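Worth saying up front: this structure is predicted, and the values here are computed from it rather than measured.
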Amino acid sequence: YQPGKTIFKFDTSLRSIDSFLSPATSPYGLTFDGKYLWLMEYAKPLVYQLDLTGKAIKSIPAPGEHCMGLAWDGKYLWTIPSDEPSRLYKFDTLGNIAGIVQTGAAGANGIACDGRRLWVVETGDDMICEIEPSDGRIIRSITTPGDRTFGMAWQGPYLWCTDWTNEQTGGGRVFKILPMEEKITIDGLRDDWLNFTPLIYDPEGDNIKETTDIKSIYGFTDYKYFYL
């Protein structure tokens, strides 16, 4: 989406399918609950519920001022107030706060949910943290695939990430990454791949000829092939 302008719908090959005007003047988070879109308004504490044509169904109060990011866990919405970037707020579709989780992911400003755990991006440290929502514990961290990553969405088993875009920095990028827990050893040397920038060929992608420029992803093996 573009602040105060347009929300775009893309397929997984990043072809534009549709677009509509945003009801928010400063949208700063977007998620989908299986039927409706939910859009965070940064300029004032509001969250819009939208149908898939962009029509606003209703608005509810956000849990704080200047909230950043929005995720849906199957029952509740999650967001991060900018003045409390180490706290994750859980709230229902009426705007009632259902919980506040303190986490070690200081400076968080983007959030997604994989159905079990939360994924939070720390833009200042260029890290994405997997968070246990019950207690805020960081399960693990991976380096962001781009610069100033903000928006994230989960499409299992992939995590989609976007770079920040504005008039000064120019066009942003969209990354499709495969977070993996396993670290591997090559010739006895262990490497977390934190500064590695490969060109990934994704045999499970929608387009088998697709290549994806992803940096800082763990290497892994399925015991038949080696992947980077």
Side-chain angles (χ1 to χ4, degrees), residues 1-33 37-43 47-48 50 52 54 66-73 77-80 82 85 88 105 107-114 117-131 141-179 194 197-200 202 205-207 210-217:
Y1 51 85
Q2 292 177 307
K5 295 182 179 179
T6 307
I7 296 173
F8 295 93
K9 176 182 177 181
F10 296 90
D11 65 17
T12 54
S13 297
L14 299 184
R15 290 187 293 262
S16 181
I17 303 299
D18 196 5
S19 64
F20 51 81
L21 294 178
S22 165
T25 58
S26 298
Y28 218 110
L30 184 67
T31 193
F32 181 58
D33 67 7
L37 292 168
W38 294 86
L39 178 67
M40 178 62 70
E41 167 68 87
Y42 181 81
V47 181
Y48 292 95
L50 311 176
L52 297 185
H66 307 303
C67 289
M68 301 183 294
L70 198 59
W72 172 255
D73 70 2
L77 295 159
W78 291 79
T79 192
I80 310 160
S82 61
L88 311 180
N109 50 33
I111 189 169
C113 182
D114 64 14
R117 294 208 170 106
L118 300 171
W119 295 82
V120 171
V121 62
E122 296 181 273
T123 300
D125 294 332
D126 291 329
M127 300 296 292
I128 297 172
C129 301
E130 182 182 9
I131 303 290
S141 300
I142 59 175
T143 304
T144 58
D147 298 322
R148 299 189 71 195
T149 298
F150 277 79
M152 295 193 300
W154 181 264
Q155 183 199 27
Y158 298 104
L159 187 65
W160 291 81
C161 307
T162 61
D163 281 352
W164 175 258
T165 305
N166 59 33
E167 293 177 357
Q168 286 71 43
T169 61
R173 296 171 294 176
V174 178
F175 297 90
K176 177 184 180 182
I177 66 174
L178 181 62
L194 292 182
T197 309
L199 189 64
I200 302 298
D202 177 13
D206 299 303
N207 182 353
E210 175 188 4
T211 55
T212 307
D213 187 10
I214 303 174
K215 74 175 184 179
S216 309
I217 191 169

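- Distance OG1/T31 to CG/D73: 9.5 Å, rounded to 0.5 Å.
- Considering only residues two or more places apart in sequence or on other chains, C129 meets the side-chain contact (heavy atoms from CB on, under 4.5 Å) condition with A105, E122, I131, I138, S141.
- Considering every non-hydrogen atom in both W72 and C113, the closest pair reads O-CB, 3.5 Å.
- Closest heavy-atom contact between L50 and P23: CD2-CG, 3.6 Å.
- M152 CE to N109 CG: the interatomic distance, rounded to the nearest 0.5 Å, is 9.0 Å.
- The distance from the CD1 atom of I177 to the CH2 atom of W160 is 11.0 Å, given to the nearest 0.5 Å.
- Minimum interatomic distance between I17 and D11 (heavy atoms only, all atoms of both residues): CG1-N, 3.7 Å.
- Taking the ring pair (Phe, Tyr, Trp, His ring centres under 6.0 Å) definition, one finds that Y48 meets it with nothing, sequence neighbours left out.
- Here the shortest heavy-atom pairing between I80 and A108 reads CG2-O, 3.5 Å.
- The distance from atom OG1 of T6 to atom CZ of F20, rounded to the nearest 0.5 Å, is 9.5 Å.
- Atom CG of L88 is separated from atom CD1 of I111 by 5.0 Å, given to the nearest 0.5 angstrom.
- With rounding to the nearest 0.5 Å, the separation of CZ in F32 from CG in L39 is 14.0 Å.
- Taking the ring pair (Phe, Tyr, Trp, His ring centres under 6.0 Å) definition, one finds that W154 meets it with W119, sequence neighbours left out.
- Smallest separation of non-hydrogen atoms from I142 and P179: CD1-CB, 4.3 Å.
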